[in-house]
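In what follows, chains are A, B, ... by sequence order, proteins preceding strands, each numbered from 1.
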Amino acid sequence: MTKEQEINLNPNPNDSEEKVSDQIQIRLDKLKALQDAGADPFLETSYEVTEHTAEIVEDFDRMAGKIVKVAGRIMSKRGMGKVSFCDLQDRSGKIQIFTRVNDIGEESYAKWQEFDIGDIVGVEGEVFRTKRGEISIRNSKFTLLAKSLRPLPEKFHGLRDTDTRYRKRYLDLIVNPEVKETFEKRSLIIRAIRNELEDRNFLEVETPLLNLIPGGAAARPFITHHNTLDLDLYMRVSPELYLKRLIVGGLERVFEIGRNFRNEGMSVKHNPEFTMMEVYQAYTDYHGMMELAEALVVRACKAVNKGSTIINFQGVEIDLTPPFARITMSDAVREHSGLDFSVIEDAQQAKQLAREKGVEGIEEHMGVGDILELCFETFAEPKLIQPTFVLDYPIEISPLTKKKPGQPHLTERFELFIYGSEFGNAYSELNDPLDQEERFRAQMAKRQAGDDEAHLQDDDFVEALSHGMPPTGGLGIGIDRLVMLLTDNPSIRDVLLFPTMKPLGGQAADNQTPSSSAEDDKTSGQFPTGSQKLDLSKVKVEPLFADMVDFETFSQSDFRVVKVLNCEEVPKSDKLLKFTLNDGSGTDRIILSGIKEHYKAEDLIGKTLVAITNLPVRKMMGIPSQGMVISAVYEHDGKEGLNLLILDDNIPAGAKLY
RNA sequence: GCACCAUUAGCUCAGCUGGCAGAGCAACUGACUCUUAAUCAGUGGGUCCUGGGUUCGAAUCCCAGAUGGUGUACCA
């Protein structure tokens with residue numbers, strides 16, 4: 001028993017040798033003494049609490065003179081010899097306990113004085129006010145309900161280290177009162193949203209977290225496995241397609257508040273699991289959803305902001321009084337950058353204008369819609385501090401949304417932006433099954449071209465739509481971000497009780513099987529693009545260059561045939577493959593190329609490729625890349641297509657291309 | 001991957017140009033019958049993240065690494 005305690009209480013579990021801090025040892029000794037005296041606190045099973053501390057403090061006039069029983073944790077002690085004070089903290093707050101030897105006798109007083117900061121006690125006594133005016137309880141009887149065996153963090157500064165606060169949230173909750181307040185508000189916010197939806201006669205439903213096809217959002221899923229069925233399942237990335245099936249089923253108004261899982265990066269705004277509210281309402285459209293979004297945000301805000309719709313977030317005043325501003329995406333871009341997409345004719349022109357404005361991240365394969373979105377993110381999004389609905393998204397990035405009548409490249413979709421961040425996303429839901437099937441096919445093409453975030457085709461969903469879905473508006477609101485906004489917390493980790501954390505030390509490796517099978521599963525089926533039948537009517541290529549290059553200049557570009565000696569994925573990179581090449585010179589050439597989405601590394605070993613070898617060395621992920629391997633790129637149905645040039649193996653390494 | 005910052009007692013943190021490892025809280029002993037970051041006197045508590053190096057001497061300077069944070073990048 002004692003030995004186990006010592007091991008478990010070891011402050012540093014990595015030390016196999018026992019080394020218990022003196023403070024812990026002293027508390028263990030006190031516990032042992034109590035147990036030996038037949039007063040084991042851990043044998044206590046209940047305590048009849050009559051009042052919470054805050055009720056006593058707030059309603060002192062009524063409580064004064066009454067005998068109450070409170071229970072909680074000792075937070076601080078102030079001994080005065082034959083009298084002592086301590087603060088007792090319960091769920092509602094704190095109250096001072098006044099203990100006097102005259103009231104309880106020498107023996108009891110000595111026991112009471114043995115208690116430590118952190119111990120859980122029940123105290124019975126009269127409510128009164130001390131000479132200095134502090135509302136207190138005169139301790140007449142007490143029970144130790146649990147012994148604390150470790151010292152609490154410091155009483156004045158609290159627990160500061162953010163990492164420890166997230167990992168040991170219980171300590172954070174004990175010593176940092178504002179943390180408890182944040183999570184109380186989180187509960188109120190969710191309750192307010194639920195109440196508003198119930199007032200509007202919505203039905204709360206639950207749909208599967210384990211999906212065969214993770215649909216409804218462009219995101220990479222987590223993979224898990226069902227043993228009995230021997231079946232890989234995916235954690236849902238969105239409940240959207242299930243909720244719309246329920247609209248087909250005639251439920252008319254449904255919502256779900258629950259966790260989504262996305263296997264993507266983490267940031268101050270992103271946690272791998274996060275809480276979404278999704279709502280679907282038949283017989284309305286995205287205009288209806290704007291009104292609903294306003295109502296939900298306002299109700300949540302008032303619930304935690306003393307009824308006001310004006311908040312302060314990170315020192316900036318934000319007015320959540322409806323109606324929120326409304327602007328189309330292209331108007332927003334024009335307003336904040338001067339670029340007018342309504343007069344832009346093709347992707348080439350869009351790219352050129354965007355480049356002139358200094359937009360980064362432009363890729364050749366992008367269409368007009370992609371460029372518009374990029375410009376929006378660059379110029380407009382950070383400026384949208386006050387709540388703003390941004391309307392009419394490009395069709396390329398909205399595969400579940402109705403087209404805008406008369407403007408088939410746009411969709412009836414909006415996102416709500418506040419403080420430069422996305423808070424909600426809503427559509428006039430696409431209910432045309434034939435159109436939906438086409439959109440899925442376009443997404444699958446994108447996926448087969450290597451975009452593992454593209455939507456997956458869900459035939460069962462299309463079948464559901466083909467039974468007829470009424471015109472429907474759908475809205476999703478990120479609960480965590482809303483809580484951040486309404487509680488003035490800058491990080492999503494501050495509004496999640498237990499945010500996802502990297503394990504400490506080297507324990508990560510122990511749990512992980514080194515198998516690459518998951519990796520294999522993910523990439524298989526995406527390759528190669530060459531085996532996919534392309535609809536040539538949907539292929540677009542870059543216009544030919546008008547400017548001529550003289551032969552002298554051309555021949556200075558050293559294109560060589562190379563053999564792939566080795567090819568491997570660059571660790572931690574989403575895109576890069578690292579090639580080790582024989583270029584005929586006798587020295588290995590290392591080239592990095594961002595085509596992991598299109599090819600599996602091991603499939604390329606031994607292939608004969610073309611590389612340009614006299615480009616300046618460029619570091620990617622810290623690895624110098626000596627040139628580029630050459631691919632054919634084109635656009636297919638708005639998505640990037642890419643084929644590495646693979647040559648006949650009979651061509652020798654180092655052969656120059658003219 | 002890169003850049004910057006951090007890592008010193010259970011907690012919060014000082015520690016300058018290299019010279020005995022420090023404070024407050026917490027703990028322990030004692031005093032104190034109305035304190036409230038109680039006070040007063042005393043005591044104990046350290047792998048200065050790890051490993052190298054420079055030096056007569058390193059918490060401090062140099063190199064490498066670990067962990068965490070913040071920012072940034074992943075580009076035919």
Determine the Euclidean distance between corresponding C1' atoms of B:U8 and B:A58; express it in Å to zero decimal places. 14 Å
Rounded C1' spacing from B:G53 to B:G30 in Å: 50 Å
If you check the A:Val101 side chain, which of B:U36, B:U33, B:U12 turns out closest? B:U33
Just to be sure I understand the rule, does A:Gly158 reach a base, reach only the sugar-phosphate, or reach nothing, if contact means heavy atoms closer than 4.0 Å? sugar-phosphate
Mind checking side chain to side chain contact (heavy atoms under 4.5 Å, CB included) for A:Arg493 and listing every partner two or more places apart, or none if nothing turns up? A:Tyr166, A:Met266, A:Ser491, A:Pro499, A:Met501
Partner set under side chain to side chain contact (heavy atoms under 4.5 Å, CB included) for A:Glu114, not counting sequence neighbours: A:Lys30
Counting only non-hydrogen atoms, which of residues 86-94 of chain A are less than 4.0 Å from RNA chain B? none
Rounded distance in Å - CD1 (A:Ile117) to C1' (B:C25): 9 Å
For A:Glu154, all residues meeting salt bridge (charged side-chain N to carboxylate O under 4.0 Å, His left out), sequence neighbours excluded: none
Over how many whole Å does the gap from A:Leu159 atom CG to B:A26 atom C1' extend? 14 Å
Could I get the full list of ring-ring contact (aromatic ring centres under 6.0 Å, His included) partners for A:Tyr419, not counting sequence neighbours? A:Phe313
Which nucleotide, B:G69, B:C11, B:C34, lies nearest any side-chain atom of A:Thr162? B:G69
Say we look at B:U36 and B:C25: how far apart would their C1' atoms be, to the nearest angstrom? 15 Å
Counting the atoms with a prime plus P, OP1 and OP2 as sugar-phosphate, which does A:Arg160 contact under 4.0 Å by heavy atoms, base, sugar-phosphate, or nothing? sugar-phosphate
Compare the minimum distances between each of B:U33, B:A27, B:G69 and the side chain of A:Asn102, then state the nucleotide with the smallest one. B:U33
Atom CZ of A:Arg27 and atom C1' of B:C11: how far apart are they, to the nearest Å? 12 Å
When you measure from the side-chain N and O atoms of A:Arg150 to the phosphate of B:C11, is any distance below 4.0 Å, counting only OP1 and OP2? no
Interatomic distance where CD1 belongs to A:Ile135 and P belongs to B:U36 [whole Å]: 18 Å
How would you label the contact of A:Thr130 with the nucleic acid (heavy atoms, under 4.0 Å): base, sugar-phosphate, or nothing? base
A:Met75 has an atom CE; how far is it from atom C1' of B:C25, in whole Å? 13 Å
Closest to the side chain of A:Asp22, out of B:A76, B:G68, B:G45, is B:G45
A:Val83 or A:Leu152: which one's nearest nucleotide on RNA chain B is closer to the 5' end? A:Leu152
Residues pairing under salt bridge (charged side-chain N to carboxylate O under 4.0 Å, His left out) where one sits in residues 84-97 of chain A, two or more places apart or in two chains, turn out to be A:Arg78-A:Asp87
Please report the distance, rounded to the nearest Å, between CZ in A:Phe579 and C1' in B:A76. 12 Å
Can you find a donor-acceptor N/O pair under 3.5 angstrom joining the side chain of A:Asp163 to the base of B:U67? no
How far does the P atom of B:C49 sit from the matching atom of B:A6, given to the nearest Å? 12 Å
With C1' as the reference atom in both, quote the distance from B:A21 to B:G68 in angstrom, rounded to an integer. 25 Å
No-H, no-angle donor-acceptor pair, A:Glu154 side chain to B:A26 base, under 3.5 Å: no
Under 3.5 Å, N/O pairs linking protein and nucleotides 28-30 of chain B:
residue : atom : partner : partner atom : Å
B:C28   : OP1  : A:Lys30 : NZ           : 3.1

Nearest-Å distance for atom pair NZ/P, residues A:Lys578 and B:G1: 13 Å
A:Pro151 has a side chain; which of B:U36, B:G44, B:G10 sits nearest to it? B:G10
Nearest-angstrom distance, P atom, B:G24 to B:G44: 14 Å
Tell me the salt bridge (charged side-chain N to carboxylate O under 4.0 Å, His left out) pairs involving residues 101-110 of chain A, sequence neighbours left out? A:Arg100-A:Asp103
Presence of salt bridge, A:Glu126 and A:Arg138, under 4.0 angstrom: yes
Between A:Asp583 and A:Arg560, is there a side-chain N and carboxylate O pair less than 4.0 Å apart? no
Span that lies between the C1' atom of B:C56 and that of B:A14, in whole angstrom: 28 Å
Nucleotide nearest A:Lys155 (side chain, heavy atoms from C-beta), chosen from B:A37, B:U12, B:U33: B:A37
Taking only the C1' atom of each, what is the distance from B:U47 to B:U29 in whole angstrom? 29 Å
Which one, B:A38, B:C34, B:C11, comes nearest to the side chain of A:Arg78? B:A38
Give a yes or no on whether a salt bridge exists between A:Asp116 and A:Lys147, defined as a side-chain N under 4.0 angstrom from a carboxylate O. yes
Using whole Å, report how far CG of A:Asp161 lies from P of B:G10. 15 Å
For A:Leu647, which residues count as a side chain to side chain contact (heavy atoms under 4.5 Å, CB included) partner, sequence neighbours excluded? A:Val561, A:Thr608, A:Val610, A:Ile651
Please work out the stems of RNA chain B from pairs that are Watson-Crick or G-U wobble with both distances under 3.5 Å, keeping only runs of three or more consecutive pairs. B:1-7 with B:66-72, B:10-13 with B:22-25, B:27-31 with B:39-43, B:49-53 with B:61-65
What residues form a side-chain hydrogen bond (donor to acceptor under 3.5 Å, both in side chains) with A:Asp29, not counting sequence neighbours? A:Gln25
Nearest 0.5 Å, what's the CG-NZ distance between A:Leu159 and A:Lys168? 9.5 Å
Distance only, no hydrogens: is a donor on one side chain within 3.5 Å (strictly under) of an acceptor on the other, for A:Asn566 and A:Thr580? no
Contacts of A:Glu377 that satisfy side chain to side chain contact (heavy atoms under 4.5 Å, CB included) - sequence neighbours left out: A:Glu373, A:Leu374, A:Glu381
By the 4.0 Å heavy-atom rule, please label A:Arg129 as base, sugar-phosphate, or nothing. nothing
